[in-house]
Amino acid sequence: MIRLPSPGLWHDHNPPEYSPPVGCSALSDASRYQPQAIEERWQQHWQASAADHTPDPSQAGKTPFYALSMFPYPSGNLHMGHVRNYVITDVIARVQRMRGCNVLHPMGWDAFGLPAENAAIERGVDPGAWTDRNIAAMRAQLQRLGLSIDWSRELATCHSDYYRWTQWLFLQFFEAGLAYQKEATVNWDPIDQTVLANEQVDGEGRSWRSGALVEKRKLRQWFLKITAYADQLLDDLPRLEGWPERVRTMQANWIGRSTGAELEFTVVDGAGNDSAERITVFTTRPDTIFGASYVVLAPEHPLVASLTSADQQIAVEAFCDLVSRQSEQERTADDRPKRGVPIGAQVRNPATGELIPLWIADYVLADYGTGAVMGVPAHDQRDFVFARQYELPVRQVIIPEGSDEHAYEGGAWTEPGVLIHSGRFDGLSSTDAKAAITAAAEAEGWGRAKVTYRLRDWLISRQRYWGCPIPVIHCDSCGVVPVPDEQLPVELPRDVAFSGKGGSPLAQLESWWRVACPCCGQPARRETDTMDTFMCSSWYFLRYSDPHNTVLPFSREAVDSWLPVDQYVGGIEHAILHLLYSRFFTKVLRDRGLVGFDEPFSRLLTQGMVQGITYKNPHTGKYIPPAEVADPTDPRDPSTGDVLEVFYEKMSKSKYNGVDPAVVIDRYGADTARMFILFKAPPEKDLEWDDADVEGQFRFLQRIWRLVDGAHARGIRLGHPGNALDAGSLSPGDKELRRAVHTAITAVSEDLEGELQFNTAVSELMKLSNAMGEHLADASDPVACEALQTLLVLLAPFAPHLAEELWSRLATDSGPMVSVHRQAWPVADGSALVRDTVPLVIQVKGKVRGSLEVPADADRATLEQLALASEIAAKWLEGKAPSRVIVVPGKLVNLVP
RNA sequence: GGGGGCAUGGCGGAAUCGGUAGACGCAGCGGACUUAAAAUCCGCAGACGGCAACGUUGUGGGGGUUCAAGUCCCCCUGCUCCCACCA
C-alpha cells in the first residue's frame, strides 16, 4: 500500500518552468490541467516506492503475467516507434496488474552491435563507455513516459554478467553438436567488413544494416544448426494462435519445406556402359520422371569438372567463369534468360532406361536440394523455356484430367493430372503416382522420399570487435576446445586500437588471442570472431526471469514460473529474424532440460510504424522540412516554388519528417502522447502522426480535468458506492449515468481482453466523459462518485499521471490512500445496464422505415403486434397484411409485404 | 510466378453471431460568451433532391445466397507485405 503525498502538496508546490501548450491562455489558473506540473512529481513518487512495479514473490498465489516489449538498441535517442511499442506494453501490464495478476514488465538493452564500434573508429571513444552513456540517456527518456517497468531487472547484453551466459549457452549448443564450423560461400558485407546471415540479406542482395550490395566469399565460419529444428519450427506454427497470421506465414515461407524425392541418374561412360558415378537430383514431381529428357547441374556442382568431356572442356570452363562473375543482382534479375551448356556426358533415366544428356545451367542453384535437377520440359515452366531454347525434347507424360492432351503453346502443364507414356504407372493420378514412383525407386535402389528446406543453417560468426566473443580455443593438437566454464566470461579486451582497417581488432591483438590450450597446455589461439547480436537477443527474455543469477543463466524454477511470455510486443521487422531464432533457442534449451516449455511467446502483437508527414519536391527529389513549408494547404518548395508531394512515411532524419518524443512531452505531457498514440490507429496499423490530433487529445484530458475539478468543488470525494446502489430509487438522469458508466466498463474491458483494440478503448473513455458532462452536475452524490471513480480507474492504464493526480485530489483527508494503480479493475453491474424501453427498428421489405420505443421485455408476439399497429406499418404496407414477419427481439421487426 | 493482408465520409478510423453503416476523434460550418481574439460551451455535418417533413442513393467494380449483406459465396480491379530461376 502506498502513502500518497497529501492532497495539500498540490497547492503548495511550485510548478516547474514550462511552455504553456499551444492555445493555452497565459493566465495562471490553479485548476488548469498542467501536465508539466504533475508528471515528474508522480514519476519520482512511483520510483521512490519501486516495489510497486516489481512482481511480488510473496504473492505467488496470483496468476503470473509476463508483458514484454522487444528491447531496444541503445542508439541514445528515443523515437516515436519506441514510444508506441512501450506504451502499448505498459497499458497491458497495468491492466493485468489491476486485474490481480503478478506482472513481470522488464526492460533491457540490445547493446552489442556496429554503431558503437563505428563511433570508436570515427571518434576514438570507447564502445563500452559510449554504449553505457546512450543507455543512461535513453533510460531517462523512457522514464518520462511513466512506464511501469521493473528496473531492478534491467540488463544489457554487452555487460559481462550477461554475455558470460550467452557464451555458456553457445557452449551448450556446441556440446549438443548444434554449433559447428564449416567452409562455406557466405555473404560478405564490404562496408561493415563482416559476414552476414541469410536472414540479414534482403531480396535485392543488400545488407540489412549497411545497405551495401553483399558479395559472396568462401570463408570458414561458425554456424548453428537451425535446420535440425526446421520441422519443429514449421509444425508448431499452427499452435501459435496468439500470433498474427502474417508472421506465421512469413516464417513458414522462410523455412520453405518441400516434400518430394531424390532420384538417381547413373552416369554412362563413353562406351555406353553404366559407370559407378550417379547424379542425384531433388524433385517435388517424381510423377514426371518418364518425361525427364535431360539432367542439369549447377555450375558449382562438384562433379562438373570430372564429368566434362574433353571436347566440351573449353565451353564449360568459359560458362562457369561467366556465371561466377555475375553479381547477385544479375543472377536474380527479373527477366533472367536461362543459359547453359552440355558437358558432353550422358546419364540413364532410371525410369525409362533411356540415355539423356547432362548439362550445366545458371538457373540451377548449387545450395538448394542436391544442386542438380532433372529437366522435364513438358511439366516445368523453367525446363520448358530452357528446352525450347536449346532444342531439347519435350515429352508429355501428364495430361489434364478428362482431356487427351495439352497444347504447349502457352508453356508447360504444371498442374497435377493423369499419367501417360509412363509404363506401368499409366492412368494413375499425379498424387498416386508420386507415392508409387517413389516407392518403386526405393525398392529398385534409384531413389527415396526426401524433404528439403529453404532454411539454411544460421551463420553466427562476425569479424567485428563489439560483440560477444565466441568462447573456444583452437589448438593444433586438440582441435577446437571449448573455454572451460570456470574461465567464463571470455571478456572483451578494452585496450584495443580501432583503425577500421585490416579486419577485426581482436585478431590484431596478439596478447589477447595467444593462450595456452586448456586441454594440453600447448600454445593455442583464441577464436577472434564474435557472435551475431541476434545470439544475444535470442534468450534475453529468459534472463529477465532470474536476472541476478550468478551460477546459471536462469534457474529452471524461475524461468518456468514466468514463461512463456504472455504478451510480446514489437515491430514486424523481426517477423523472421529475431522471432525465429528465439523459437529455435527455446526448443534447443528445452531439449537440454533448461526450460520446461517449447515456445517462448504465447501472444504476439506486431505494432505498425509511426509515420511523419513528408514533403518531397518531385522534380528535384529533395525532401523539405515541414517548418519551411509556408502554407500546408498549398505546399511549395521555398527555393523553387515547385508544388510538393505530400505523404506519410516512416519517420527518419533524412526526410525531415520525424517528431521528437521529448518535444511532445515538454509541450503536452506524457499522458497526451500516450493517449494519442493509442487512439490514432489500431495497434497493428501504421500511425500517421498529426499535430492537430495531438492537440485534440490534449483537449480531451483537459476536459477530464475540468470534469473532476468541478465535482471536487461540489464536494464529491472517493467513497464506497457502486453495486449497492438501489436501482429503484434513482432518478432517470442517475440511471442514464450509471448505464453509461457500466457500458464503458464492459466496452473497455472487452477491447483490452481480446484483440487489444486500444483505439476503441480510448473512444469509449471519451464517450463516458461526454455522458458525464451531460449528467454529472445533476447526479446524486453516490452515482457521481461512482462515475468519477470508474472513469479514473479506467483511465489509469492509459494516462497514469493524470489519473493518479485526480485520484489523489478526490481522496478524503483522513486515512491512508491507495494509489489508483492499486485499484481493482471494475466489473460491470448488469443491473445498471437494464433499460425499461428499447428502440425497435421497423423494416419493410428489408429497408429501415423508422423505429419505435418498446418495452425491453416484450415478447415476439407483442413486438409483432406493436410493429403492425405502428404508423410506419400503416404508411408502407398501405393497409395490406404482410406475407411474412421476421422478429429479432431487442433489434428489429422486418415486415415483408 | 507462389503466398498473406487490405479497400468504408474531406481525413484517421467504428460497426459481436448477417440485423438502424459512418461510433469516437481531426479538419470544416453555424451559434453562445467576448470590445475583439484565443480558450470554452451548444449545435450541424456521406452524397443527391427538397423550405421542410421526407425521399432516393451509398462500404473499390460485377454477379449470387438471404426477409435482411460492409459482413457469407463466386469473378474482377487496385494497393500493400513476405517469398521467389527453390526444381
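Each chain gets a letter, A, B and so on, in the order the sequences are listed, and its residues count up from 1.
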Picking from B/C86, B/G25, B/C83, which would you name as closest to the side chain of A/Tyr368?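 Selected nucleotide: B/C86.
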
Of the candidate nucleotides B/A87, B/G4, B/C82, which contains the atom at the shortest distance from the side chain of A/Ser258?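 Of B/A87, B/G4, B/C82, B/A87 is nearest to the side chain of A/Ser258.
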
Is [X] near enough to [N] that one of its side-chain N or O atoms lies under 4.0 angstrom from OP1 or OP2?
X	N	result
A/Lys847	B/U56	no
A/Tyr453	B/C86	no
A/Arg884	B/C67	yes

Rounded distance (Å) that lies between atom [atom2] of [N] and atom [atom1] of [X]:
X	N	atom1	atom2	result
A/Arg257	B/A87	CZ	P	14 Å
A/Trp254	B/C83	CH2	C1'	9 Å
A/Ile255	B/C82	CD1	P	17 Å
A/Glu300	B/C85	CD	P	13 Å
A/Ile576	B/C82	CD1	P	8 Å

Under 6.0 Å between the ring centres of A/Trp689 and A/Phe676? yes

For the residue pair A/Phe679 and A/Phe758, is the inter-centroid distance of their aromatic rings smaller than 6.0 Å? no

For nucleotides [N] and [M], find the distance between their [atom1] atoms and express it as a whole number of Å.
N	M	atom1	answer
B/G61	B/U77	P	15 Å
B/U20	B/A69	C1'	14 Å
B/G22	B/G13	C1'	10 Å
B/C41	B/A68	C1'	42 Å

Per-nucleotide protein contact along nucleotides 7-20 of chain B, 5' to 3', at a 4.0 Å heavy-atom cut-off (B base, S sugar-phosphate only, - neither), is -----BSSS---BB

Let me know, please, whether A/Gly773 or A/Asn770 comes out on the 5' side of the other along RNA chain B by nearest nucleotide. A/Asn770

Quick check on RNA chain B: between A/Phe282 and A/Lys767, whose nearest nucleotide comes earlier from the 5' end? A/Lys767

Compute both the distance and the angle, then confirm whether A/Arg454 meets the cation-pi test with A/Trp254: under 6.0 Å from the six-membered ring centre, within 45 degrees of the axis.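 Yes, A/Arg454 sits over the ring of A/Trp254.
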
Mind checking if A/Gly369 touches a base, just sugar-phosphate, or nothing, with heavy atoms under 4.0 Å?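 Result for A/Gly369 = nothing.
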
Just call it for A/Arg248: base, sugar-phosphate, or nothing, with non-hydrogen atoms closer than 4.0 Å on any strand. nothing

Between [X] and [Y], do the side chains contain an N or O donor and an N or O acceptor separated by less than 3.5 Å?
X	Y	result
A/Glu853	A/Thr837	yes
A/Asn657	A/Tyr615	no
A/Arg667	A/Gln36	no
A/Gln697	A/Tyr668	no

Test item: A/Tyr294 side-chain N/O and A/Asp383 main-chain N/O as donor-acceptor pair under 3.5 Å: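 Looks like yes, one N/O pair under 3.5 Å.
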
Return one dot-bracket line describing RNA chain B 5' to 3' (Watson-Crick or G-U wobble pairs, both distances under 3.5 Å; ( ) same strand, [ ] crossing, | another strand, . none). (((((((..(((......[....))).(((((.......))))).((((....))))..(((((..]....))))))))))))....

